[in-house]
Amino acid sequence: MERKSLGFYLRIYFKIIAQDIKSKMSYRADFIISTVGMICTNIAGFVSFWILFKNFPSINNWSYHEMLFLYGFSLISLTPVQCLFDNNWSLRMNVYSGDFIKYCFRPINLFFYYQSEVFDIKGLGQFAFGIATLVYSWNKIGLAVTPLIILKVLLFLISASLIMIALQNAASATCFWIQGSFFVLDLVFKLKDYSKYPITIFTPVFRFIFTFIIPIAFIAYYPSLVVLRPDDIPLLSWLSPLISLAFFYASYKFWMLGATKYSGTGS
């Protein structure tokens, strides 16, 4: 297959996304209800967080507003997987029904074509809520605002997003080998909620799991330390961008391994 340029993929992507958004906007009531539902879900999560931690001045040397910073950071970093990779939730159904075979005959990257087919615009409400939470906690903590700090936040938000994207890619791709793979994807989806808390509040066993096996600690905790604790940044925080790239690439290869071996419902 001829190698396509980045410009080619960007043009194709925006055309596909435009069609997907048009189709969703044709059912405006459904779009409005689902968007409001997403915002209400985030508000409910925030209220639960507030009730849980507001009455404690600190937890394991983490103040309430530092915890809130982690919460906002995680919401923002989870937005790309919500908006851009939502089609992973339909992968197992397409694989089991045999419909996935249609993606295998397009003259473009299979992973790109499948993922770009769906854009979940509801995730933008989560993004706005995360920004508001991050800005509020940033102001309350009294963090400085400089071009370098903003650049660091953007870099580590991207690396955090890649971790969650990689987790979902790998979990969804298990459907190529496991018949009842939904529980794997559902488990990863539920575990992401623990990314909103500092890893130090967990037992050593869970710290190890959330750092080296299911690395949700890299979704908010380790990246946030670069801004929140600039005088005591662990090596894992600085390595977050490299770890996220490596993990994303590994998940992509795993996803493609299953996809390229797929041959229909008999595979």
Side-chain angles (χ1 to χ4, degrees), residues 42 45-46 48-50 52-54 56-82 126-127 129-144 149-168 170-171 187-248 250-251:
N42 283 305
F46 176 82
S48 299
F49 184 91
W50 182 81
L52 184 62
F53 294 107
K54 184 61 177 177
F56 300 93
S58 66
I59 297 177
N60 209 357
N61 295 321
W62 282 79
S63 70
Y64 168 70
H65 289 107
E66 286 179 321
M67 300 278 286
L68 202 59
F69 185 96
L70 285 183
Y71 187 88
F73 194 98
S74 67
L75 286 181
I76 298 170
S77 61
L78 292 171
T79 297
V81 75
Q82 171 81 34
Q126 173 178 286
F127 178 74
F129 193 85
I131 288 287
T133 304
L134 191 71
V135 170
Y136 172 79
S137 58
W138 190 307
N139 181 61
K140 287 294 184 179
I141 296 169
L143 296 173
I149 290 178
I150 297 299
L151 185 61
K152 285 181 180 179
V153 170
L154 292 175
L155 173 62
F156 285 94
L157 275 172
I158 292 172
S159 69
S161 296
L162 287 176
I163 290 292
M164 188 59 209
I165 292 168
L167 284 170
Q168 191 182 88
L187 174 64
V188 167
F189 179 76
K190 290 177 178 177
L191 284 176
K192 75 173 179 20
D193 289 335
Y194 292 104
S195 68
K196 301 170 184 175
Y197 310 111
I199 197 175
T200 53
I201 71 173
F202 300 111
T203 64
V205 172
F206 281 101
R207 291 181 199 175
F208 180 84
I209 292 173
F210 291 158
T211 300
F212 299 106
I213 300 178
I214 307 175
I216 60 172
F218 290 93
I219 295 176
Y221 175 72
Y222 284 117
S224 293
L225 289 178
V226 175
V227 178
L228 289 176
R229 308 285 173 89
D231 297 326
D232 187 25
I233 303 173
L235 179 61
L236 287 174
S237 292
W238 290 121
L239 292 177
S240 291
L242 293 178
I243 292 172
S244 65
L245 285 172
F247 195 40
F248 174 79
S251 74

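Below, each value reflects all heavy atoms present in this structure, side chains not excepted, and no hydrogens, waters or symmetry copies. Just so it is clear, the structure is predicted and the values come from calculations on it, not from any experiment.
Between V227 and F69, the closest side-chain pair of non-hydrogen atoms falls below 4.5 Å. Looking at heavy atoms from C-beta onward, F247 lies in side-chain contact with P215 at the 4.5 angstrom threshold. In this structure, the side chains of T79 and L75 stay at 4.5 Å or more apart for every pair of heavy atoms. Residues S251 and L167 form no side-chain contact, since every pair of their non-hydrogen atoms from C-beta on lies 4.5 Å or further apart.
Less than 6.0 angstrom separates the ring centroid of W62 from the ring centroid of Y221.
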Result block: side-chain N/O donor-acceptor pairs under 3.5 angstrom for residues 190-204, not counting sequence neighbours:
unit_1 : atom_1 : unit_2 : atom_2 : d
K190   : NZ     : D186   : OD2    : 3.1
S195   : OG     : K192   : O      : 2.5

Cut-off 3.5 Å, no hydrogens considered: what does the side-chain donor-acceptor table look like for residues 151-161, sequence neighbours left out?
unit_1 : atom_1 : unit_2 : atom_2 : d
S159   : OG     : F156   : O      : 2.9
S161   : OG     : S77    : O      : 2.8
S161   : OG     : L157   : O      : 2.9

When the side chains of residues 233-243 are checked against the rest of the protein, which donor-acceptor pairs come out under 3.5 Å, sequence neighbours left out?
unit_1 : atom_1 : unit_2 : atom_2 : d
S237   : OG     : Y222   : O      : 2.7
S240   : OG     : L236   : O      : 3.1
S240   : OG     : S237   : O      : 3.1

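Counting only residues at least two apart or on different chains, no salt bridge (charged side-chain N to carboxylate O under 4.0 Å, His left out) pair has a member in residues 211-220. Applying the salt bridge (charged side-chain N to carboxylate O under 4.0 Å, His left out) test to residues at least two apart or on different chains, none of the pairs has a partner in residues 209-226. Applying the salt bridge (charged side-chain N to carboxylate O under 4.0 Å, His left out) test to residues at least two apart or on different chains, none of the pairs has a partner in residues 203-217. Residue pairs satisfying the side chain to side chain donor-acceptor pair (under 3.5 Å) criterion with at least one member in residues 130-143, sequence neighbours excluded, are absent. Residue pairs meeting the salt bridge (charged side-chain N to carboxylate O under 4.0 Å, His left out) criterion with at least one member in residues 239-248, sequence neighbours excluded, do not occur.
A pairwise comparison of heavy atoms in I163 and S244 identifies CD1-CA, 3.6 Å as the closest pair.
For Q168 (side chain) and V188 (main-chain N/O), no donor-acceptor pair under 3.5 Å exists by modelled atom type. In this structure, S74 contributes its side chain and Y71 its backbone to a donor-acceptor pair below 3.5 Å.
A search for salt bridge (charged side-chain N to carboxylate O under 4.0 Å, His left out) contacts involving R229 returns E66, not counting sequence neighbours. For F127, there are no ring-ring contact (aromatic ring centres under 6.0 Å, His included) partners, not counting sequence neighbours. Under the rule for a side chain to side chain donor-acceptor pair (under 3.5 Å), the partners of Q82 that lie at least two apart in sequence or sit in another chain are D120.
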Open item on the list: Could you walk me through whether I149 and L143 satisfy the side chain to side chain contact (heavy atoms under 4.5 Å, CB included) test, starting with their C-alpha distance in whole Å, then the side-chain angles of each, then the deciding distance to 0.1 Å, before giving a yes or no?
Closed with: CA-CA 9 Å; I149 290 178; L143 296 173; over 6 Å; no
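Here the straight-line distance linking atom CD1 of I76 with atom CD1 of I219 works out to 14.0 Å at 0.5 Å rounding. Between the CG atom of L68 and the CG atom of L134 there is a distance of 9.0 Å, given to the nearest 0.5 Å. Atom CG of L187 is separated from atom CD1 of I214 by 5.5 Å, given to the nearest 0.5 angstrom.
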